[in-house]
Amino acid sequence: SGSLVCVGLGMLLGAHLGPRSRNQIEEADVVFVAASDALVELWVQQIRPDARSLQPFYADGKSRRRTYAEMVEAMLVEVRAGRRVCAAFYGHPGVFARAPHAAVARARAEGFVASMEPGISAEDCLYADLGIDPGEFGCQHFEATQFLLHRRRVDPSAHLVLWQVAQVGDRSLGRFETGAPYRRLLVERLAKDYPLEHEVIIYEAATLPIDAPRVERRRLDSLPNATLHMHSTLVVPPSQPLEADTDVLAKLVELDEPSR
Ligand code: SAM
């Protein structure tokens, strides 16, 4: 009977695909591919010339919710027809990516075997390229529009990473980029927790071996004028030192030295 596996291609063309994912791509009856870069799709088509691109489902002005629903349906049609289906997504298929999670859940709900293979995400590249260890001070990740629209608690002693920052404030979920007035709202929101002159980083991982990553450091309040792409991620480093909880510290001292 049919099955589905969603695999990750990683970020760097030809260099991040793990053997388990490659095997799934080679062995499947039907392969779908959704990569950020046309070259990456061409590369997958070298492994599987019959791989079908999910890219045509995207369109400017079309809600990504509809796009994802159509992608899921395209995959499920083949699973229901009894085929072994592999869908390959750039990065990690389960990181800031709705369609792969939805497809796996739907396939399971319909009684099919479905799973996900992790890949190297933009987040992984970010830690390597920017020299950030999320374990050092902690690291919060949010989708930029969700962050703007909800009352989230920011910890300025941790790193903050905002995804899909070029589309910040796009409630239609259909635009590829918003613009300066939307970014000003984001700056206003961030200014509640950070000084306006705080240094933020626009990050773009390299996707081609000849490229270098983009690491652009600038003041928070200059963000509205920055060049942002669909594949830009905003990193806000900590602005405050860690603050010790002296009450807990006292209790720990008591535990360590009960006789005192
Ligand atoms: N699943 C992908 C992954 O594992 O990295 C993320 C997909 S998410 C829909 C798209 C967002 O990922 C972008 O708006 C950006 O924040 C981030 N992203 C994608 N490509 C990137 C790149 N080359 N460098 C930095 N961030 C990237």
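As the structure is a computational prediction, the values presented were derived from the model and not from experiment. Indexing begins at 1, ligand by ligand and atom by atom, following the structure's order.
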- Item | Contact summary for Lys62 and Phe57, nearest pair of heavy atoms | NZ-O, 2.8 Å

Distance-only donor-acceptor pairs under 3.5 Å for side chains of residues 232-243, two or more places apart:
| residue | atom | partner | partner atom | Å |
| --- | --- | --- | --- | --- |
| Ser232 | OG | Glu204 | OE2 | 2.7 |
| Ser232 | OG | His229 | N | 2.7 |
| Ser232 | OG | His229 | O | 3.2 |

- Could you work out the complete set of other residues in the hydrophobic cluster of Met116, with links drawn between I, L, V, M, F, W and Y side chains under 4.5 Å apart?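 Listed partners: none, Met116 stands alone.
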
- Measuring from each atom of ligand 1, which residues have a heavy atom under 4.0 Å away?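 Residues near ligand 1: Met11, Tyr90, Gly91, His92, Val95, Phe96, Ser121, Ala122, Trp163, Gln164, Tyr203, Glu204, Ala205, Thr207, Met230, His231, Ser232, Thr233.
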
- Query: According to the side-chain hydrogen bond (donor to acceptor under 3.5 Å, both in side chains) rule, which pairs have a member within residues 107-117, sequence neighbours left out?
  - Reply: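 Counting only pairs at least two positions apart or across chains, the side-chain hydrogen bond (donor to acceptor under 3.5 Å, both in side chains) contacts touching residues 107-117 are Arg20-Glu117, Arg80-Glu110.
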
- Task: Check the angle between the aromatic planes of Tyr68 and Tyr58 and answer parallel, tilted or perpendicular using the 30° and 60° thresholds.
- Result: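 Answer is perpendicular, since the angle exceeds 60°.
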
- Any side-chain donor paired with an acceptor under 3.5 Å for Tyr182 and Asp170? no

